Amino acid sequence: MSTTTPAVTELAGRVRIRMPEDVRPSVVADGIAECQIRFPNVPIMFCETRKLAQGRTYRFLAAASAGLAEEMVGANAARALESAPPLAPAPPTPADVRRWASTHDIVVSDRGRIPVAEMDQYLEARARGDTSRCS
């Protein structure tokens with residue numbers, strides 16, 4: 001019986017993967033190398049033969065090279081992005097304008113709409129940087 005997913009078993013903290021017959025071992029080895037590059041804190045160890053260890057090393061280095069190339073492409077794309085223009089200041093709340101008006105001895109009602117003249121004065125003061133007594 002052939003399955004398309006690997007059988008994974010864990011024994012004493014070690015994982016053993018048994019692959020189905022229809023998956024090429026080189027595909028599995030490439031995938032494991034990519035995983036080791038992406039997750040370097042997860043130890044993967046092969047204790048078979050020197051030939052297998054050497055092949056594993058070459059796959060690891062190829063995956064590292066491909067991972068570095070992907071990171072460089074992403075870094076270059078991020079560098080090419082333009083900075084967004086600065087945001088306009090948020091419109092003042094009536095409470096901000098009333099607080100500012102009270103510190104400048106300007107009479108504004110406690111409720112209702114702020115008169116345009118007082119709003120313009122507040123905006124001019126904010127534009128000048130007179131924030132020591134603004135909101």
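Computed from a predicted structure; not experimentally measured.
- Contact annotation: the side chain of P92 approaches that of M119 to within less than 4.5 Å [non-hydrogen atoms, C-beta and beyond].
- Minimum heavy-atom separation, R98 to R111: NH2-C, 3.3 Å.
- For E118, the side chain to side chain contact (heavy atoms under 4.5 Å, CB included) partners are I106, V108, I114, P115, Q121, not counting sequence neighbours.
- Residue Y122 holds its OH atom at 8.0 Å from CZ of R99, rounded to the nearest 0.5 Å.
- Between L61 atom CG and Y58 atom OH the span is 8.5 Å, to the nearest 0.5 Å.
- Within the structure, side-chain hydrogen bond (donor to acceptor under 3.5 Å, both in side chains) contacts touching residues 61-75 (residues at least two apart or in different chains) are R38-E70.
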Would you list the atom pairs, donor with acceptor, under 3.5 Å between side chains in residues 78-85 and any protein atom, with sequence neighbours excluded?
| residue | atom | partner | partner atom | Å |
| --- | --- | --- | --- | --- |
| R79 | NH1 | N76 | OD1 | 2.7 |

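- The pair D30-R59 meets the salt-bridge criterion, with a side-chain N (NZ, NE, NH1 or NH2) lying under 4.0 Å from an Asp/Glu carboxylate O.
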